[in-house]
Amino acid sequence: MRARTFLGVCGAVAVLTTAGCGSTQLGVTAATAPQQQQQQQQPPAAQLTDTKYGPLSAADMKLMNLVQETSIREIELSQWALQRSTNQQVRASAQMIVTQHVELQKEDLAAAAKLGLTLPDRPAPDMQVGIDRMQQENGKTFDVDYTNTLRQAHGEAFILIAQVRADTRNSVVRPLADSANNFIKMHMQVLETTGEVDWGQLPVPDAS
C-alpha cells in the first residue's frame, strides 16, 4: 500500500524531476516484478524434451510411467479381488478399476507411441512388494490390504496428475492427464465406499 501511495504522489512530478521522489526506479521494478517471477519459474531447458506436440517435461514422463506401472499392478490385484473377496463393495470397486485401467493403459501406450517413448512392462519394485504380499492373503486380510494400498496409491497419483494437468505444455499429455484425473478420482471414491479405508494411514495434507 505504501509503494502505491508513493507512486501516486510522485507520478505527477516524475516528468519534471526525480529529485523530490528519491528514485523513479520503483515504478520500473514494480512493473517488471511479475515478469521476473515468471522467468524464475521457467524450468531449465535441460529438463524439457522437444517434440512436435510441445515440450515434454520430466513430470510428464513420470506420469506416463506411473500410469503404466499402476495399471499393470491394479489390473492384477483387482482380478484377485474379484476372485477372493466376499465384500460386495470391494468386488464392485475391483470391477471398475479393472475396466478403467485397461482403458487408461491403452490411452497411455498410444500417447507413448506418438511421443516415441517406451514405457515399463512391469510394476516398479516397491509396487511388486505389495503384489507379492497380497498374493499370500485372503478374506478380510486381503480386503483391507487391497483397499488401503490402492487408496493411498491413488491419492499420491492424484497429486501428480493435478500438477501435470495444470502445467504440461504437451498436447498429447494433456488429454491423458484428463483421463487419468477422471478415473483416479472415481477409484478413490469407490474404494471409500468399501468401509475398509483406514483414514489414519493417509498423509496429513500439506498447507505450505
- Item | Worked check of side chain to side chain contact (heavy atoms under 4.5 Å, CB included) between M96 and F183 | CA-CA 9 Å; M96 174 186 283; F183 287 154; over 6 Å; no
- Message: Which label fits H187 and H154: parallel for a plane angle under 30°, tilted from 30 to 60°, or perpendicular past 60°?
- Response: perpendicular
- How are the rings of W80 and F142 set to each other: parallel, tilted or perpendicular (split at 30° and 60°)? tilted
- Message: Evaluate T51 against K114 for side chain to side chain contact (heavy atoms under 4.5 Å, CB included), listing each step before the verdict.
- Response: CA-CA 10 Å; T51 79; K114 279 187 177 181; over 6 Å; no
Looking at [X] and [Y], what are the two nearest heavy atoms and their distance?
| X | Y | result |
| --- | --- | --- |
| S78 | Y146 | OG-OH, 2.7 Å |
| P120 | I72 | O-CD1, 4.2 Å |
| R169 | R174 | C-NH2, 3.4 Å |
| N170 | P55 | CB-O, 3.5 Å |
| L191 | T147 | O-CG2, 3.7 Å |
| D143 | S85 | OD1-OG, 2.8 Å |

- Query: Can D167 and Q163 be said to form a side chain to side chain donor-acceptor pair (under 3.5 Å), step by step?
  - Reply: CA-CA 6 Å; D167 299 335; Q163 178 191 2; 5.0 Å; no
- Message: For a 4.5 angstrom cut-off between non-hydrogen side-chain atoms, does L115 reach T49?
- Response: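 Of all side-chain heavy-atom pairs linking T49 with L115, none is under 4.5 Å.
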- Item | Contact check, side chains of V67 and S71, non-hydrogen atoms, under 4.5 Å |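 The answer is yes; the side chains approach within 4.5 Å.
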Regarding [X] and [Y], is there a side-chain donor-to-acceptor distance under 3.5 Å anywhere?
| X | Y | answer |
| --- | --- | --- |
| S179 | N182 | no |
| N65 | E69 | no |
| Q105 | D108 | no |

Would you compute the distance between atom [atom1] of [X] and atom [atom2] of [Y] and round it to the nearest 0.5 angstrom?
| X | Y | atom1 | atom2 | result |
| --- | --- | --- | --- | --- |
| Q152 | L150 | CD | CG | 10.0 Å |
| I97 | Q79 | CD1 | CD | 12.0 Å |
| Q68 | M64 | CD | CE | 9.5 Å |
| E107 | D178 | CD | CG | 9.0 Å |
| T168 | I161 | OG1 | CD1 | 13.0 Å |
| Q136 | D145 | CD | CG | 12.0 Å |

Applying the 4.5 Å side-chain criterion to the ILVMFWY set and letting contacts propagate, would [X] and [Y] be lumped into a single cluster?
| X | Y | result |
| --- | --- | --- |
| V98 | V90 | no |
| L77 | V197 | no |
| F158 | L104 | yes |
| L82 | V144 | no |
| M61 | L66 | yes |

- Task: Check step by step if side chain to side chain contact (heavy atoms under 4.5 Å, CB included) holds for E156 and L202.
- Result: CA-CA 10 Å; E156 293 170 5; L202 299 179; over 6 Å; no
- Item | Any donor-acceptor N/O pair, T99 side chain to Q95 backbone, under 3.5 Å |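 Judged by distance alone, yes, a pair lies under 3.5 Å.
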- Message: Looking at T193 and V190, would you say the former's side chain and the latter's main chain have a donor-acceptor pair under 3.5 Å?
- Response: yes
- Task: Just do the side chain to side chain contact (heavy atoms under 4.5 Å, CB included) check on R73 and T149 with the steps written out, would you?
- Result: CA-CA 11 Å; R73 174 184 67 171; T149 297; 4.2 Å; yes
- Around atom CZ of R122, are there more than 12 heavy atoms of other residues, nucleotides or ligands at under 6.0 Å?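 Open: at most 12 neighbouring heavy atoms sit under 6.0 Å from CZ of R122.
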- Message: Less than 4.0 angstrom from a charged side-chain N to a carboxylate O is my criterion; do E196 and K140 meet it?
- Response: yes
